[in-house]
Amino acid sequence: MHPRKWLAATLCGLLIGAAGSCHKPLSQETRSYYMTRTAPEDAAALGCANADKSGRLTLFFGAPTMVNGVPGATLWGAPNQHVYQIAHAVKEFVRGYATCRQDPNFRLLIGIGTSNSGIDAQTDDWLYAHGRVWGNMVRDMATWAATYYPFHAQIFGAWDFEPSWSQFGKAESWMHGYDLTDGRPGIYINASADGCPTATAVNGNCNNGWNQWEMWHLAWQHNSGMPFPQIYATSGVNARQWQLVDLYAATHQASFMFFFGTMTQAEACRQNGGCSGTDNTNHQAQSFMLNWLNSDQRTSQGDIEGMTDIRWFT
Amino acid sequence: MSEDDAQHKAPPSPRKKRRALPRARGGVLLAALALSAVAASAAASAALSRPNASEPVTLEKQLQSEIDDMLASGVPRNSPKVRMLQDSLDQLRSPAIGRPRHDPEGDVSGLLSGDAGAVQPRAGVASASGSGGDAVGTAGGASGNWDSGPIDCEPIPGLLSAAEVAGASCVGVPQPDGTSRYVAIGADGVARTVLFGADGRVQRLPDTQVTAGLAPGTALTPTPEGDLQIAPPGRQPTVVDVG
């Protein structure tokens, strides 16, 4: 990065960011959701309820599963939904947003998300196929949005992978399926780096036998990956873990990462009665991420545009 | 994320980092003065360039900024990720079609009737072992059956762990008041229940022993009253209150 830009970014993150995260309007602090309801009227109402927002967000469906022979996802106590039902819900969300949008300049860049939760029991072939079907669904939805709502929304994939949730190889199989799907859009990597090193960048271990190379590979090396990680810890350690994954890539892979946003869970914490030390606000998370990235010129980044806070859509 | 991760140290403050650099006192003072001046200038600049509350916020600017930042960070212009963002930006600036096509199903006023944007309480009753979802292959045309079909167990961050749902049978039980209960009954017969409130509240309810053990093939069916019917194969069903 150009030294002057690095200095500006550092000042922004360290001096201004703490007070107001530089220059992000409230409309760009988006809401993301754990989707436990997908009925058309619910999805449309949810889209309408986000009429005041513009930017990147994720609609999370649950773990990959199969519904009557069709790939889909779980929904935390609601019946599993196959990809056609999920796509239908997202369409209604977009329509609701388009109907209610408060400012014609607002746009939503919506990630349709799943996870690597509980996938160890599936075969690699099954996961690869599921990833491909998800990629096809996201691509078709992106085409649909570009056709009917190009001034309102764009569609992306989204993926919450967490080392504790599966073996690396299983997650890799799913991501291969998504990434190798023709025409698939980018995919927000709303992942956690649980157990990853907090002080070193030499391909150290994360939880469940994962390592920093594997984190970098899944989050960035795949062409479609758009890092947008979970920065939940109020200690800032999650930002440090991701910065060290980035630093590992810079020093060992002649690569680096670019972060498109930070995800927090402050509202989800409020909904379930509180979290202990994992309820960063949007601005805290972004400041942590920028501070750590800009603590080393090899990982510096001028700004992080996206910030979203997840909650339950009950 | 693990608890360990949540309890780690905070990032270095700029003061700490500057202290780590060996500098003469005079140099430090000079640098501090210069930094203060630049900071004040940057703050003033940020304030001046900050969009007015009524000024439109354009996502195009955000995407262009992301592209610029990526290039400034050293990503080649022909990188697939830069191209992906550029495509996204081009699409926002000038959609491939001159004018968006009319969405034949775009009128959602019926779905939004009443208080626009207000999410209504759940209606209907979920079936834990119902007839399943829509017919396969009806892309974009799926409808109905939103509240019926199989339910796979899934952890709920912070409330229901993967270990607790491992080997369990799960069911959603809508309540007459519009709330819902997500019940995971383990092989030990213990029901672990999470309440999804219509007001957005999500809460773990006390565990209850609903049966001595869950026999294979046991049917779990919500009742219209918001209770749960447990029907082991070849035995009389029982109805339990899920809180």
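What you see is a predicted model, and the numbers here were worked out from it, not measured in a lab. Chain letters run A, B, ... following the sequence lines, proteins first, then strands; residues in each count from 1. Excluded from the calculations below are hydrogen atoms, water molecules and symmetry mates; all remaining heavy atoms, backbone and side chain alike, are included.
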**Fill in**
Max heavy-atom pairs within cutoff under 4.5 Å with chain B, candidates Asp140(A), Leu109(A), Ile304(A), goes to Leu109(A)
**Prompt:** Among Asn80(A), Thr65(A), Thr299(A), Thr74(A), which has the most heavy-atom pairs under 4.5 Å with chain B?
**Reply:** Asn80(A)
Part of [X] lying under 4.5 Å from any heavy atom of chain A:
X	answer
Leu85(B)	side chain
Leu63(B)	side chain
Met84(B)	side chain

**Asked** Do any N or O atoms from the side chain of Thr314(A) and from the backbone of Gly197(B) form a donor-acceptor pair under 3.5 angstrom?
**Response**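 Judged by distance alone, yes, a pair lies under 3.5 Å.
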**Message:** Keeping Arg95(A) on the side-chain end and Glu105(B) on the backbone end, is there a donor-acceptor pair under 3.5 Å?
**Reply:** yes
**Prompt:** Rounded to the nearest 0.5 Å, what separation is found between the CE atom of Met70(B) and the CZ atom of Phe259(A)?
**Reply:**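 That separation rounds to 11.5 Å.
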Which atom of [X] lies closest to which atom of [Y], heavy atoms considered:
X	Y	value
Gly96(A)	Leu112(B)	CA-CD1, 4.4 Å
Lys81(B)	Gly225(A)	NZ-O, 2.7 Å
Pro155(B)	Ser117(A)	CD-OG, 3.8 Å

**Message:** Going by side chain to side chain donor-acceptor pair (under 3.5 Å), name the residues that satisfy it together with Arg311(A), two or more places apart in sequence or in a different chain.
**Reply:** Asp309(A)
At a heavy-atom separation under 4.5 Å, does [X] approach chain B through its side chain, its backbone, both, or neither?
X	value
Trp165(A)	neither
Tyr34(A)	side chain
Trp76(A)	both
His222(A)	backbone

**Asked** Does Glu305(A) come within less than 4.0 Å of Lys61(B), counting only side-chain N to carboxylate O?
**Response**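 Answer for the salt bridge query: no.
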**Request:** Under 4.5 Å, counting heavy-atom pairs only, tell me which of Ser79(B), Ala166(B), Pro157(B), Cys153(B) racks up the most with chain A.
**Result:**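 Counting heavy-atom pairs under 4.5 Å, the top option is Pro157(B).
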**Fill in**
Residue from Val194(B), Leu159(B), Val183(B) scoring the most non-hydrogen pairs under 4.5 Å with chain A is Leu159(B)
**Request:** Could you verify whether a donor N or O on one side chain and an acceptor N or O on the other, from Ser88(B) and Gln154(A), lie under 3.5 Å apart?
**Result:**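 Yes - a donor-acceptor pair under 3.5 Å links their side chains.
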**Request:** Hey, could you give me each pair passing salt bridge (Lys or Arg N to Asp or Glu O under 4.0 Å) that has a residue in residues 151-162 of chain B? Not counting sequence neighbours.
**Result:** none
